[in-house]
Amino acid sequence: MMAEETEIREKENFIEKEIDKDLKAQVYGREIKTRFPPEPNGYLHIGHAKSICLNFTLAKKYGGKCNLRFDDTNPVKEDTEYVDSIMEDVKWLGFEWADLCYASDYFDKMYECAVTLIKKGLAFVDDLNAEQIREYRGTLTEPGKESPYRNRSIEENLQLFEEMREGKYADGEKVLRAKIDMSSPNMNMRDPVIYRIAHADHHRTGSKWCVYPMYDFAHPIEDAIENITHSVCTMEFEDHRPLYEWVLRETGWVEPPRQIEFARLNVTNTLMSKRYLKKLVDDGVVESWDDPRMPTVSGMRRRGYTPESLRDFCERIGVAKANSLVDVALLENCIRTDLQDKVESRNVILDPLKVVITNYPEGQTEECDIENNKNVPEMGTRKVPFSRELYVEREDFMEVPVKKYFRLFPGNEVRFKGAYFIKCNEVIKDEAGNVTELRCSYDPETRSGSGFEGRKVKGTIHWVDAATAVPVTVRHFDYLKIDDGTGNEIMNPDTMTVYENAMAEPALGDSQPGSRYQFFRHGYYIEDTKLSKPDAKVFNQIVGLKSSWKPKN
Ligand code: ATP
Ligand code: MG
């Protein structure tokens with residue numbers, strides 16, 4: 001385990017190699033600086049976690065800094081609720097930002113840069129509307145056409161841009177465009193729009209501005225203002241890099257930041273876009289952004305993922321330029337690996353079936369010692385009460401057993417984990433024919449730990465004592481997206497199973513919201529932090545016990 005981990009960390013990713021080159025060539029006379037720049041228009045998801053781990057880990061590795069910057073240049077979709085959740089998530093993942101920045105703090109400087117471009121004859125105010133601009137833009141195979149407003153004088157442009165800022169024009173009536181090259185093979189260089197009018201209140205600047213910079217213009221300036229050296233972003237911005245560099249060159253920054261792109265994270269069975277995740281919340285498909293089914297950082301936190309497991313996952317998937325789809329089983333394996341030696345085991349019966357041990361004395365209770373974690377003997381044992389009436393899983397009984405069924409059926413004997421050998425003698429049913437109770441007998445000679453070797457049984461099942469059991473609610477989840485059978489992923493209509501009548505051993509009654517356990521034979525669970533009450537506890541399944549994930553090679 002340790003060897004493998006060290007091995008992963010010693011391998012340099014391609015971004016580190018690029019930074020090494022820049023250091024060697026002494027490109028920057030300042031410390032290495034990265035940033036994580038979310039737009040506060042939704043909650044962070046596991047894809048963002050990859051970017052967070054990457055940016056903060058790079059800064060740490062090179063003894064530099066990483067900023068958290070809210071890229072809040074679009075007033076309409078942004079909200080302080082999102083700002084707060086993003087800060088909470090980054091901290092929870094275990095990272096500390098150097099400066100907390102807001103792109104909106106730089107609006108004055110950005111405006112100034114736009115004026116600089118106008119004065120250099122490199123930007124103009126255009127009266128074409130959005131549709132016309134699109135038409136004039138050309139296609140990948142045809143060059144675009146220059147706007148009829150492209151040759152306005154510098155004086156006119158300065159005046160019109162000032163008037164745009166003053167609020168003289170309606171949304172969309174005018175835009176400011178960079179004057180670059182309408183026949184460039186790179187569409188992003190065909191006189192891109194760099195400022196637009198939006199008469200909308202901004203969550204931080206209020207009504208101060210009615211012109212807002214476009215992402216491609218704002219982002220390089222944000223990076224430059226913060227002295228970022230390496231601006232790491234996802235592959236879809238590769239074609240924007242020439243524009244990123246153009247903006248920095250023409251607005252005159254020394255030792256400008258350098259953009260490096262890497263592949264987005266995609267995970268099987270997982271929706272990964274704020275826009276779609278927001279729709280799930282808005283449509284009520286899930287309860288909230290932090291619903292345990294959501295691949296948001298807050299959803300995964302509530303589901304029971306640990307920061308360690310998410311950082312481990314981001315380390316394992318690595319950083320590359322080629323897009324890839326990561327198996328969700330790898331993610332699940334990371335949380336299993338993290339929890340297996342950390343959490344205690346508890347017995348919980350999800351779907352209880354009553355068992356009466358007819359030869360066990362009425363009114364008697366004894367305590368069985370059950371190990372807290374079979375991998376870690378130092379975690380000790382706990383006392384679990386055993387008496388005449390117990391619950392077992394309904395699925396641990398079959399009236400007519402199928403082949404190789406070693407659990408309870410009439411006439412069969414099994415081991416009740418940590419207690420005795422128990423034999424099923426009689427099946428009690430209600431009028432409708434449903435099994436309501438099993439009458440069983442125990443063999444006092446077979447007590448666990450007594451060294452009994454008289455005979456062997458093939459099945460071991462878990463149980464809880466009926467008199468002291470704590471009723472709890474247990475929730476199991478399925479993926480939001482599933483394969484439709486033809487290799488396409490579709491939305492899963494059935495993503496939650498609730499066990500409302502689950503019965504737990506008394507020790508689980510002392511659990512606290514946020515506490516994690518292994519439920520024997522069922523998987524890893526966490527007490528829900530939102531819905532659980534002291535006298536009505538709710539547990540979420542984090543992940544089942546079995547892994548379908550197999551390491552390559
Ligand atoms: P979405 O498409 O889900 O809305 P976004 O890219 O619009 O995401 P931003 O808030 O702009 O979200 O992203 C902040 C940072 O996180 C960006 O640098 C972006 O490249 C990175 N990021 C977003 N999604 C992923 C992903 N799936 N994998 C890796 N990095 C991502
Ligand atoms: Mg975005």
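Just so you know, ligand 1 is whichever comes first in the structure, and atom 1 is the first atom listed for that ligand. Computed from a prediction, not measured in an experiment: that's the story for all the values here.
Counting heavy atoms only, Gly47 comes closest to atom 29 (C) of ligand 1 of the residues Gly47, Pro37, Cys233, Cys53. Between the choices Arg69, His45, His48, the shortest heavy-atom distance to atom 16 (O) of ligand 1 belongs to His48. Taking only non-hydrogen atoms, the option from Ser51, Cys314, Pro38 nearest to atom 21 (C) of ligand 1 is Ser51. Counting heavy atoms only, Lys274 comes closest to atom 9 (P) of ligand 1 of the residues Arg35, Lys50, Lys274.
Near Ser273, meaning under 4.0 Å from any of its heavy atoms, are these atoms of ligand 1: 3 (O). Taking every non-hydrogen atom of Glu39 and a distance limit under 4.0 Å, the qualifying atoms of ligand 1 come out as 9 (P), 10 (O). Interface atoms of ligand 1 facing Phe36, defined by a heavy-atom separation under 4.0 Å, are 14 (C), 15 (C), 16 (O). Short contacts between ligand 1 and Thr234, defined as distances under 4.0 Å to a heavy atom of the residue, involve ligand atoms 20 (O), 29 (C), 30 (N), 31 (C).
A search for side chain to side chain donor-acceptor pair (under 3.5 Å) contacts involving Asp478 returns Asn492, not counting sequence neighbours. Taking the side chain to side chain donor-acceptor pair (under 3.5 Å) definition, one finds that Lys21 meets it with Glu18, sequence neighbours left out.
Remark: Arg204 qualifies as a cation-pi partner of Tyr102 under the 6.0 Å distance and 45° angle criteria applied to the six-membered ring.
Of the heavy atoms in Phe237, none comes closer than 4.0 Å to ligand 1.
Here the options are Leu330, Leu325, Val328, the test is side chain to side chain contact (heavy atoms under 4.5 Å, CB included), and the partner is Val267; only Val328 passes.
Looking at ligand 1, you won't find any N or O of Arg275 less than 3.5 Å from one of its N or O atoms.
The minimum heavy-atom distance between Asp223 and Ser231, with the atom names listed, is OD2-OG, 2.6 Å.
Under the 6.0 Å cut-off for aromatic ring centres, Tyr215 and His219 qualify, their centroids lying closer than that.
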